[in-house]
Amino acid sequence: MNVGQLMHLTDSSKQIRVGVLGFGGLGQAAAKVLAPKKEMVLVAVADKKGYAYSPQGLNAQECIAAYQSQGSVGYLDGFGNLTNRSIEDLIESGYPIDGFFLALPNLPNDFIPSVAQQFMKSGWRGVLVDAIKRTSAVEQLLTMKEQMQTAGITYMTGCGATPGLLTAAAALAAQSYSEIHRVEITFGVGIANWEAYRATIREDIAHMPGYNTETARAMSDAQVEALLDKTNGVLTLENMEHADDIMLELAGICPRDRVMVGGVVDTRNPKKPLSTNVKITGRTFEGKISTHTFILGDETSMAANVCGPAFGYLKAGMGLHQQGIYGIFTAAEIMPRFVR
Ligand code: NAD
């Protein structure tokens, strides 16, 4: 199938019915990103205490209002359901949903892989997208490749900002070189308050010396605040265990030990502490050593750089699924498709 046929296939198909699992910082941003889209419609959202479903499409602002004022989208008038098994209940409902963005915390480190297992067991077929971050979490998902193929699921992993947009940029930039020497990702994140992105901040703390996913998960909100007080709200992260490395290795670009990820997160200021960038250094066929740098605009938020790519990869995943291509793919091997 050529590109023209592929575009026609997606253009002529119906709106993609999307579910968002997890309705914290990224889940709510995802709902807002989808609101003006013509090719996708948000039909389901779930948080820890409930879910909401509407085949005609949910109103992002109403979902956000229910979540923020009452603590769950399960309170949404006419569409909400309160349940402590929101993901299971939504999957088992059998509602027609084409794809899900998993905007869930990956705490413990096998939580998102366990959700993938639930989908496979349920008999649901479609596209799943995550913005998962750790190498060891992606490794767990990769072991499920054959199960996903059998289940008829096209799973797109590592499709946020990093891993995601920046990993894909590295894969593209690598094409100028015969050999890749180093890929260095440095992210700057500015958020007004850490409570808007609790899982993201806990998962970042888990990369600090002396912490891991289990200790970070066990921290109370007061303990997180006490830690942030000590650092003036700033987390500086180096040599992170980030799946950009395994994704670039799998894509055949460079061995994982040539990929470095670090960054600075300011939890008290929406202004980015530094410009997020990826530097790709390599040797050209003429023997020249050079570095390509891709810098994200400082005005683009973490949410914009995660949710945009996540839906771009969901659309790409739908194209694969419609052709009967199932299994697991990363952001470094598939081009995202712009969602109109
Ligand atoms: P958050 O803490 O703001 O929200 C998490 C949401 O998940 C909440 O709505 C909560 O109710 C829901 N939830 C928790 N357990 C659940 C369960 N068992 N069933 C149903 N819902 C459940 O999270 P966030 O800060 O938006 O982060 C979400 C994820 O995105 C994290 O894993 C984070 O690491 C990842 N992330 C990735 C990137 C990237 O570039 N790849 C960037 C930022 C964040």
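Start at 1 and go down the list; that is how both ligands and their atoms are numbered.
Distances from atom 2 (O) of ligand 1 to the heavy atoms of Gly50, Ala331, Ala199 put Ala199 nearest. The option from Asp204, Thr162, Ile201, Ile87 that lies nearest to atom 39 (C) of ligand 1, judged by heavy atoms, is Thr162. Remark: among candidates Cys307, Gly25, Gly27, Pro309, the nearest residue to atom 3 (O) of ligand 1 is Gly25, based on non-hydrogen atoms. Within the set Trp194, Tyr197, Phe111, the minimum heavy-atom distance to atom 18 (N) of ligand 1 is found for Phe111.
The protein non-hydrogen atom at the shortest distance from atom 33 (C) of ligand 1 is Thr200 OG1, 3.7 Å. The protein non-hydrogen atom at the shortest distance from atom 41 (N) of ligand 1 is Ala131 O, 2.9 Å. The protein heavy atom nearest to atom 4 (O) of ligand 1 is Gly24 CA, 3.2 Å. Ranking protein heavy atoms by distance to atom 36 (N) of ligand 1, first place goes to Leu26 CD1, 3.6 Å. Ala103 O, 3.6 Å is the protein heavy atom nearest to atom 28 (C) of ligand 1. Regarding atom 29 (C) of ligand 1, its nearest protein heavy-atom neighbour is Leu104 O, 3.2 Å. In terms of protein heavy-atom proximity, atom 20 (C) of ligand 1 is nearest to Asp47 O, 3.2 Å. Looking at atom 11 (O) of ligand 1, its nearest protein heavy atom turns out to be Lys48 N, 3.0 Å.
Contacts between Arg198 and ligand 1, counted as non-hydrogen atom pairs separated by less than 4.0 Å, involve both the backbone and the side chain. The part of Val306 lying near ligand 1 is the side chain, judged by heavy-atom distances below 4.0 Å. The residue Lys49 has no part lying near ligand 1, judged by heavy-atom distances below 4.0 Å.
Between His292 and Tyr177, the two ring planes are tilted [angle within 30° to 60°]. Aromatic ring orientation, Tyr53 versus Tyr95: parallel (interplanar angle below 30°, classes split at 30° and 60°).
For the pair Phe187 and ligand 1, no heavy-atom separation below 4.0 Å is found. Within the 4.0 Å heavy-atom cutoff, Ser86 counts among the residues contacting ligand 1. Ligand 1 lies nowhere less than 4.0 angstrom from a heavy atom belonging to Ser72.
Side-chain contact between Leu314 and Asp98 is absent, with no heavy atoms from C-beta onward closer than 4.5 Å. The shortest side-chain heavy-atom distance between Leu250 and Glu333 does not fall under the 4.5 Å cut-off. In this structure, the side chains of Phe187 and Met240 come closer than 4.5 Å at one or more pairs of heavy atoms.
Atom CD of Glu146 has 12 or fewer neighbouring heavy atoms from other residues, nucleotides or ligands inside a 6.0 Å radius. Remark: Asn239 CG is loosely packed, at most 12 non-hydrogen atoms of other residues, nucleotides or ligands lying under 6.0 Å away.
Ring pair Phe119/Tyr155: centre-to-centre distance not below 6.0 Å.
The existence of a salt bridge linking Lys315 and Glu39 is confirmed by a sub-4.0 Å separation between a basic side-chain nitrogen and an acidic carboxylate oxygen. Ionic pairing of Arg134 and Asp110 is not present here: no N-O contact between side-chain nitrogen and carboxylate oxygen is shorter than 4.0 angstrom.
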